Number of protein chains: 2
Amino acid sequence: MVASRGAANACPPTDKACPPPGDSSPQRRRRNAAETRQLLLAKARWRFARDGYAATTVRDIADDAGVNVALINRYFTSKEGLFEACLTTASSEVRRDADEMPSAGIAQAIAHRLAGANKSEDLPDALLLLLRSSGDERIDGLRRNVLQSVSEKLARAAADSQGNTEALLRAQIVLATSLGISVLRASTGVQPLASATAEELLAPLTDLVNVMLPPDQEKPGRS
Amino acid sequence: MVASRGAANACPPTDKACPPPGDSSPQRRRRNAAETRQLLLAKARWRFARDGYAATTVRDIADDAGVNVALINRYFTSKEGLFEACLTTASSEVRRDADEMPSAGIAQAIAHRLAGANKSEDLPDALLLLLRSSGDERIDGLRRNVLQSVSEKLARAAADSQGNTEALLRAQIVLATSLGISVLRASTGVQPLASATAEELLAPLTDLVNVMLPPDQEKPGRS
DNA sequence: ACCTCAAGTCAATGCTTGTTTACATATTGC
DNA sequence: GCAATATGTAAACAAGCATTGACTTGAGGT
């Protein structure tokens with residue numbers, strides 16, 4: 001708390017001893033630009049999603065990747081460039097996922113994505129990234145665009161007719177639920193939500209999606 | 001983007017020209033410890049909730065309050081102490097609000113809180129603060145405790161019988177929805193959610209609460 | 001085998017940050 | 001009014017930050 005003299009910052013936001021997953025790269029050629037670029041991207045994405053932009057230092061990312069800090073500036077020109085690259089890849093993942101969203105079984109898809117039970121497992125990180133800001137206006141615009149179009153796709157996937165404003169609002173509330181669950185799971189250990197499996201999430205989310213994104217035109221009964 | 005040489009940080013996370021509300025304090029005695037302490041607390045809470053812990057500088061807060069930076073350390077001993085003070089006040093507000101939650105009309109209460117249409121208006125900030133971390137384990141424990149107990153209260157307010165695990169999970173999902181809506185409204189301008197009024201939020205939230213926190217024992221029908 | 005250039009490292013550099021020390025000034029009890 | 005003290009200010013400190021240019025080192029073509 002009170003360092004003897006002029007302690008600038010005594011808060012490691014994430015335990016250094018908790019590195020991003022997938023640390024064991026079996027055979028990695030010692031010098032391969034494309035490979036280390038991808039590695040930096042993956043580690044950065046994990047840190048940014050978990051700790052936010054400001055709390056993440058480029059040295060942390062470089063250490064996670066096991067390379068020198070200067071490579072970040074070489075491959076991405078700046079910390080902000082790296083963040084933008086992370087956001088771009090995450091955005092396309094989320095967009096693709098929203099495109100593949102089936103009209104039936106939306107809740108199941110969401111549950112599996114949130115629990116990270118899917119093949120990729122890093123989709124929760126992609127969602128979290130959409131809530132992190134670097135402070136740059138242009139990059140924040142990207143975030144807003146993704147969220148907007150995903151919510152529109154979600155609204156259309158349910159009731160594919162008119163661009164009803166309330167349908168869009170409801171879709172954004174479902175999106176807010178997904179984001180909120182991601183945040184709660186990642187940054188607070190609230191139980192039982194934090195360690196709920198996809199199967200356990202499925203039942204509540206099914207009810208939620210059914211009532212918020214009604215496949216038929218008429219609203220559900222409101223007691 | 002690329003400052004000529006050794007530019008450390010070129011990212012103002014929040015526009016300096018967008019100061020916290022309630023800037024006009026009509027008559028303020030020039031020297032009043034309790035008053036400036038409260039002022040610092042209010043401005044800090046706004047910044048922390050909006051930009052997060054790491055992206056907020058003590059100089060920003062002091063400038064918002066119109067006082068010298070050193071006063072933060074005088075009254076709160078450190079930046080982290082100030083953050084903890086913010087979190088403590090916000091926690092008690094959220095706890096009190098959860099206590100006053102009526103068994104009927106939960107959705108209405110949530111909608112009004114989220115839209116900031118209530119008297120206090122700063123409850124969305126209190127919710128956002130519960131998602132912000134300084135990296136300190138002890139303070140993060142406070143956050144977790146509040147979220148846990150609020151979700152338990154929420155679960156009991158709906159179905160006040162058994163401490164069913166699934167009921168708790170559902171309550172935490174409702175909490176996640178509230179937090180997600182707060183974040184989306186505060187940090188991304190996604191429309192129509194960002195500028196939805198309490199009245200517009202009411203209908204969807206009523207459906208959501210009715211299905212997620214069933215007042216009766218039997219589950220709603222799942223198609 | 002060697003030469004070359006990409007891939008990676010090292011050691012500053014200047015800036016920002018949180019914090020503190022020394023100083024100024026208003027307020028209050030007498 | 002006058003000291004005593006609470007309240008606020010200014011300047012400086014040390015550490016950490018992102019960034020950069022000059023350097024080493026390894027892989028691949030000839």
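Reminder, nothing fancy here: chain letters follow the sequence lines and each chain counts from 1. Just so you know, these numbers come straight off a predicted model, no measurement behind them.
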Item to check | For B:Ser92, all residues meeting side-chain hydrogen bond (donor to acceptor under 3.5 Å, both in side chains), sequence neighbours excluded | outcome: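 Per chain and number, B:Ser92 pairs via side-chain hydrogen bond (donor to acceptor under 3.5 Å, both in side chains) with no residue.
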Checklist entry - How close or far is atom P of D:dC17 from atom CG of A:Asp51, stated in whole angstroms? => result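 About 13 Å, once rounded to whole Å.
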Checklist entry - A:Asn73 side chain: which of C:dA24, D:dT24, D:dT19 is closest? => result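 Of the options given, the side chain of A:Asn73 lies nearest D:dT19.
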Next on the checklist: Does a side-chain N or O of B:Tyr75 approach OP1 or OP2 of D:dG8 to a distance below 4.0 Å, or not?
Outcome noted: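 Checking D:dG8 against B:Tyr75, a side-chain N or O does come within under 4.0 Å of OP1 or OP2.
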Checklist entry - Whole Å only: how far is the NZ atom of A:Lys79 from the C1' atom of D:dC17? => result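 Rounded to whole Å, this separation is 8 Å.
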Checklist entry - Can a salt bridge be assigned to the pair B:Asp99 and B:Arg96 using a cut-off of 4.0 Å between side-chain N and carboxylate O? => result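 So B:Asp99 does not pair with B:Arg96 through a salt bridge.
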Checklist entry - Rounded to the nearest Å, what distance is computed from the CG atom of residue B:Asp63 to the P atom of nucleotide C:dG18? => result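 Answer to the nearest Å: 12 Å.
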Checklist entry - For B:Phe76, which contact category applies under a 4.0 Å heavy-atom criterion: base, sugar-phosphate, or nothing? => result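 It contacts nothing in the nucleic acid.
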Next on the checklist: For A:Phe48, does the six-membered ring have the charged nitrogen or CZ of A:Lys79 within the cation-pi criterion, i.e. under 6.0 angstrom from the centroid and within 45° of the normal?
Outcome noted: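 Pair A:Lys79/A:Phe48 does not count as cation-pi.
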Next on the checklist: Can you measure B:Phe83 atom CZ to C:dT19 atom P for me and round it to whole angstrom units?
Outcome noted: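 Between P of C:dT19 and CZ of B:Phe83: 14 Å.
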Item to check | Distance test, side-chain N/O of B:Ser78 to OP1/OP2 of C:dG18, below 4.0 Å | outcome: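 False: B:Ser78 side-chain N/O out of range (4.0 Å or more) of C:dG18 OP1/OP2.
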Checklist entry - Has A:Thr57 got a side-chain N or O lying under 4.0 Å from the OP1 or OP2 atom of D:dG16? => result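 Indeed not, no polar side-chain atom of A:Thr57 lies that close.
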Item to check | For atom CG of B:Leu39 and atom P of D:dT7, their distance in whole Å | outcome: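 Distance, rounded to whole Å: 15 Å.
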Item to check | Nearest to side-chain heavy atoms of A:Arg31, which nucleotide of C:dT25, D:dA27, D:dA18 | outcome: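 Of the options given, the side chain of A:Arg31 lies nearest D:dA27.
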Next on the checklist: With nearest nucleotide decided by heavy atoms, which residue, A:Ala54 or A:Arg74, maps closer to the 5′ end of DNA chain D?
Outcome noted: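 Its nucleotide being nearer the 5' end, the pick is A:Ala54.
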Checklist entry - Which part of the nucleic acid does A:Ala70 contact within heavy-atom distance under 4.0 Å: base, sugar-phosphate only, or nothing? => result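 Counting heavy atoms under 4.0 Å across all strands, the contact made by A:Ala70 includes a base.
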Checklist entry - Between C:dT9 atom C1' and A:Leu71 atom CG, what is the distance in whole Å? => result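 Answer to the nearest Å: 8 Å.
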Checklist entry - From C:dG18, C:dC10, C:dA7, pick the nucleotide closest to the side chain of A:Asn68? => result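 Out of C:dG18, C:dC10, C:dA7, the nucleotide with an atom closest to A:Asn68's side chain is C:dC10.
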Next on the checklist: Applying salt bridge (charged side-chain N to carboxylate O under 4.0 Å, His left out) as the test, list every pair that has at least one member in residues 178-201 of chain B; sequence neighbours left out.
Outcome noted: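 Every candidate salt bridge (charged side-chain N to carboxylate O under 4.0 Å, His left out) pair involving residues 178-201 of chain B fails, so no pair, neighbours aside, qualifies.
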Next on the checklist: What is the distance, to the nearest angstrom, from the OH atom on B:Tyr53 to the P atom on C:dT17?
Outcome noted: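 About 13 Å, once rounded to whole Å.
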Next on the checklist: At less than 3.5 Å, do the side-chain atoms of A:Arg59 and the base atoms of D:dG16 form a donor-acceptor pair?
Outcome noted: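 Between D:dG16 and A:Arg59, which were checked side chain against base, a qualifying N/O pair under 3.5 Å is absent.
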Next on the checklist: What is the separation between atom CD1 on A:Ile72 and atom C1' on C:dA7, rounded to the nearest whole Å?
Outcome noted: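 The distance from CD1 of A:Ile72 to C1' of C:dA7 comes to 15 Å, rounded to the nearest Å.
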Checklist entry - Going by distance alone, is a donor N or O of one side chain under 3.5 Å from an acceptor N or O of the other, for A:Thr88 and A:Glu84? => result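 Looking only at side-chain atoms, A:Glu84 and A:Thr88 do not form any donor-acceptor pair under 3.5 Å.
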